[in-house]
Q: 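Sharing a structure below in structure tokens format, with a few things to ask.
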Amino acid sequence: MTNLILRILLGLFSAVFFILLFFVSRSAHWPLHVTLILAIVLFLIVNIGYIVLFYYARKEHLDKEE
């Protein structure tokens with residue numbers, strides 16, 4: 001149950017951060033390459049977060065089987 005809540009929160013935070021990134025990029029007149037690099041970094045961080053959550057869920061499942 002905790003893993004589900006964390007996945008939902010991670011999804012919401014990532015959506016908010018992507019939207020904020022593009023609003024700040026537009027208002028600060030950043031070059032396109034800076035915005036794209038930051039979007040890729042944010043994408044990687046979010047995916048690493050999902051991998052960590054998957055790992056802990058799988059670890060709990062394997063611990064219960066032992």
Q: For Ser14, give me all partners under side chain to side chain donor-acceptor pair (under 3.5 Å), at least two apart in sequence or on another chain.
A: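 Ser14 satisfies side chain to side chain donor-acceptor pair (under 3.5 Å) with no residue once adjacent residues are dropped.
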Q: Can you hop from Tyr55 to Val52 via hydrophobic side chains spaced under 4.5 Å?
A: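 Yes, same cluster.
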Q: So do the side chains of Val46 and Phe13 get within less than 4.5 Å of each other, counting heavy atoms only?
A: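 No, every pair of side-chain atoms sits at 4.5 Å or beyond.
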Q: Let me confirm one number: the CD1-CG distance from Ile37 to Leu42, rounded to the nearest 0.5 Å.
A: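 One finds 13.5 Å between CD1 of Ile37 and CG of Leu42.
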Q: Once you round to the nearest 0.5 Å, how far does CG of Asn3 lie from CD1 of Ile8?
A: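 If we round to the nearest 0.5 Å, Asn3:CG and Ile8:CD1 are 10.0 Å apart.
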Q: Taking the side chain as every heavy atom from C-beta outward, state whether Leu10 and Leu6 have any pair of such atoms under 4.5 Å apart.
A: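 The answer is no; the side chains never approach within 4.5 Å.
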Q: Within a radius of less than 6.0 Å around CZ of Phe54, do more than 12 heavy atoms belonging to other residues, nucleotides or ligands occur?
A: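 No, CZ of Phe54 has 12 or fewer neighbouring heavy atoms, counting only those of other groups under 6.0 Å.
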Q: Taking Phe43 as the starting point, is it possible to reach Leu9 by hopping between hydrophobic residues whose side chains are less than 4.5 Å apart?
A: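 As far as the 4.5 Å side-chain criterion goes, Phe43 and Leu9 are connected within one cluster.
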Q: Name the residue from Phe23, Phe17, Phe22 that meets the side chain to side chain contact (heavy atoms under 4.5 Å, CB included) definition with Ile19.
A: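 Running side chain to side chain contact (heavy atoms under 4.5 Å, CB included) over Phe23, Phe17, Phe22 with Ile19 returns exactly one hit, Phe23.
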Q: How close do Thr35 and Trp30 get, heavy atom to heavy atom, and via which atoms?
A: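 Result for this residue pair: OG1-CB, 4.0 Å.
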Q: If every non-hydrogen atom of Leu21 is compared with every non-hydrogen atom of Leu38, which pair is closest and at what distance?
A: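 Heavy atoms only, the tightest pair is CD1-CB, 3.7 Å.
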